[in-house]
Amino acid sequence: VVDLYLDTTGSGTLTAAMLDSASFDACGINSSKTYLGQVAFSCFQAGDTVDVAYRLEDYSGNSRTVTAKVAVHDTFAPDLKLKNIASRSLDSLGADTLHIDSVVLTTYDACGVDTVYFASATDTMLYFTCSDKGSKTVGVYSEDKNGNKRYKEITFTIADSRAPDSLRIKTDTILYLDVSGQAILPKNEVVQYTYDNCGVTDTTMQTVFTCADLGSSTYTVTVKDDAGNSISKNIEIQVLDTIAPDTPIVNNIIRYLDSN
């Protein structure tokens with residue numbers, strides 16, 4: 001069996017020298033009469049073993065024909081170029097779907113590209129969630145019809161750029177200072193509902209009120225996710241002091257007049 005390797009254009013040429021290096025005739029072989037049943041090969045024969053008629057003739061017209069077996073090989077992997085992607089953003093549900101077409105710029109193979117897929121999923125789709133935030137490196141394969149593969153990687157950032165979608169807070173509130181001159185307003189009593197695609201991780205607001213806060217004032221309530229995206233609303237809080245001073249204890253005093 002003679003191995004014939006296709007070039008990058010998907011073509012290959014068979015020569016007599018590739019088949020025969022030992023033929024002999026006492027009176028000489030007429031090379032101009034040498035015949036090959038097939039000379040040109042292409043991707044259509046890649047992976048096949050082809051029978052090729054090979055005939056030699058001497059200068060007296062004597063000839064011999066044999067059948068040569070030619071194994072045709074395609075060993076060139078496809079060309080593959082990836083797009084330059086800086087980042088991908090999670091949607092309102094904290095998810096992102098990446099299709100192979102969003103990553104591959106071009107891919108080409110002389111014998112035809114069979115499939116292009118993500119290395120980690122052996123599929124054309126990748127799915128990301130909030131747990132994937134940060135830098136991600138993704139591998140891509142381009143495979144031709146003869147099993148040759150080209151591998152490349154792309155690195156990008158999975159980002160959460162969405163602020164919390166909603167914030168419902170308690171309506172205007174009245175706080176009463178206790179005997180120590182203090183009132184506590186828990187955060188969970190103020191924030192009634194909030195939603196973020198990746199979850200709220202922090203609520204910022206004033207929770208401790210003292211005599212310095214007496215009266216009605218506007219305070220800001222801010223909720224944040226772990227990416228630093230935030231939403232704020234204002235609440236009107238009235239702080240009252242309704243506790244009278246402690247009554248002092250007065251001792252009874254008896255005074256006696258003198259002789260004057």
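- When only modelled atom types and interatomic distance are considered, Thr218 and Asn234 share no side-chain donor-acceptor pair under 3.5 Å.
- Once rounded to the nearest 0.5 Å, the distance linking CG of Asp225 with CG of Asp202 reads 10.5 Å.
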Walk me through whether Ser120 and Leu126 qualify under side chain to side chain contact (heavy atoms under 4.5 Å, CB included). CA-CA 9 Å; Ser120 60; Leu126 282 182; 3.6 Å; yes
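- One hydrophobic cluster, built from ILVMFWY side chains closer than 4.5 Å, cannot hold both Tyr35 and Met18; they sit in different ones.
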Might you work through the side chain to side chain contact (heavy atoms under 4.5 Å, CB included) test for Gln238 and Thr173, ending with a clear yes or no? CA-CA 6 Å; Gln238 186 178 10; Thr173 299; over 6 Å; no
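- A distance-only check finds no donor-acceptor pair linking the side chain of Asp213 to the backbone of Gly215 [under 3.5 Å].
- Side chain of Lys233 to main chain of Leu167: a donor-acceptor pair is present (N/O by atom type, distance under 3.5 Å, no hydrogens or angles).
- Across all non-hydrogen atoms, the minimal contact from Val116 to Val104 is CG1-CG2, 3.7 Å.
- Counting heavy-atom neighbours within 6.0 Å of Asn84 CG, excluding the residue itself, gives a total of 12 or less.
- Using cut-offs of 30° and 60° for the angle between ring planes, the Phe209 and Tyr219 rings count as perpendicular.
- The OG atom of Ser217 lies 9.0 Å from the CD atom of Gln206; values are rounded to the nearest 0.5 Å.
- Between Thr222 and Ser230, the side chains place no donor N or O within less than 3.5 Å of an acceptor N or O (distance only, hydrogens not considered).
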Does the pair Ile184 and Val208 meet the rule for a side chain to side chain contact (heavy atoms under 4.5 Å, CB included), with working shown? CA-CA 5 Å; Ile184 305 296; Val208 179; 3.7 Å; yes
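- Leu14 is listed as a side-chain neighbour of Val70, based on a closest heavy-atom distance under 4.5 Å.
- Between the Asp91 side chain and the Ala95 main chain, a donor and an acceptor come within less than 3.5 Å of each other.
- Here the closest non-hydrogen pair linking Val223 and Pro164 is O-CG, 4.1 Å.
- Within the 4.5 Å cutoff, the side chain of Phe118 has heavy atoms near those of the Val140 side chain.
- The minimum heavy-atom distance between Gly10 and Ala110, with the atom names listed, is N-CB, 3.6 Å.
- The main-chain N or O of Arg64 is never found under 3.5 Å from a side-chain atom of Arg55 such that the two would form a donor-acceptor pair.
- Between the side chain of Glu189 and the backbone N or O of Pro186 there is no donor-acceptor pair closer than 3.5 Å.
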Residues Ser216, Glu236; criterion side-chain hydrogen bond (donor to acceptor under 3.5 Å, both in side chains); working and verdict: CA-CA 7 Å; Ser216 182; Glu236 190 79 14; 2.7 Å; yes
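- Checked against the 6.0 Å centroid threshold, Phe41 and Tyr5 do not count as a close aromatic pair.
- Residues Phe76 and Leu4 do not share a hydrophobic cluster, defined by chaining ILVMFWY side chains whose heavy atoms lie under 4.5 Å apart.
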What's the verdict on side chain to side chain contact (heavy atoms under 4.5 Å, CB included) for Val190 and Asn188, showing C-alpha distance, side-chain angles and the deciding distance? CA-CA 5 Å; Val190 174; Asn188 60 1; over 6 Å; no
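- Taking hydrophobic clusters as Ile, Leu, Val, Met, Phe, Trp and Tyr residues chained together by side-chain heavy-atom distances below 4.5 Å, Val113 does not share a cluster with Tyr141.
- The shortest distance between side-chain heavy atoms of Asp123 and Tyr117 does not fall below 4.5 Å.
- To the nearest 0.5 Å, atoms CD1 (Ile231) and OG1 (Thr194) are separated by 6.5 Å.
- Counting only heavy atoms from C-beta outward, the side chains of Asp20 and Tyr54 approach each other to under 4.5 Å.
- For Lys33, the NZ atom is loosely surrounded, since the number of other residues' heavy atoms within 6.0 Å does not exceed 12.
- Residues Val221 and Thr203 have side chains in contact (heavy-atom distance under 4.5 Å, counting atoms from C-beta outward).
- In this structure, Asp7 contributes its side chain and Ser11 its backbone to a donor-acceptor pair below 3.5 Å.
- When every heavy atom of Cys111 is checked against every heavy atom of Lys145, the shortest pair comes out as O-CD, 3.5 Å.
- Under the 4.5 Å side-chain heavy-atom criterion for Ile, Leu, Val, Met, Phe, Trp and Tyr, Ile85 and Leu82 are members of the same hydrophobic cluster.
- Within the 4.5 Å cutoff, the side chain of Thr157 has no heavy atoms near those of the Lys136 side chain.
- Residue Ile169 holds its CD1 atom at 15.5 Å from OH of Tyr193, rounded to the nearest 0.5 Å.
- The two residues Asn148 and Asp74 make their nearest non-hydrogen contact at ND2-O, 2.8 Å.
- Residues Ile174 and Leu177 are members of separate hydrophobic clusters, defined by side-chain heavy-atom contacts under 4.5 angstrom among Ile, Leu, Val, Met, Phe, Trp and Tyr.
- Using a 4.5 Å heavy-atom cutoff, the side chains of Leu90 and Cys130 are in contact.
- Donor-acceptor pairing under 3.5 Å is recorded for the side chains of Ser142 and Thr107.
- Using a 30° and 60° split on the angle between ring planes, Phe156 and Phe128 fall in the perpendicular class, above 60°.
- In the model, Glu57 has no side-chain atom that pairs as donor or acceptor with a side-chain atom of Tyr59 under 3.5 Å.
- The existence of a salt bridge linking Arg162 and Asp196 is excluded, since no basic side-chain nitrogen approaches an acidic carboxylate oxygen closer than 4.0 Å.
- You'll find the side chain of Val50 stays beyond 4.5 Å of the side chain of Lys69, heavy atoms only.
- With hydrogens and angles ignored, the 3.5 Å screen pairs a side-chain donor or acceptor of Lys83 with a backbone N or O of Asp101.
- Environment of NZ in Lys133: crowded, with over 12 heavy atoms of neighbouring residues, nucleotides or ligands closer than 6.0 Å.
- Expressed to the nearest 0.5 Å, how far CG of Asp96 lies from CG of Asn197 amounts to 11.5 Å.
- Across every non-hydrogen atom of Leu240 and Leu214, the tightest pair is C-CD2, 3.8 Å.
- Remark: the backbone N or O of Gln182 is paired with a side-chain donor or acceptor of Asp178 at under 3.5 angstrom.
- Side-chain atoms of Asp3 do not come within 3.5 Å of backbone N or O of His73 as any donor-acceptor pair.
- In this structure, OG1 on Thr129 lies 12.0 Å from CG on Leu93, to the nearest 0.5 angstrom.
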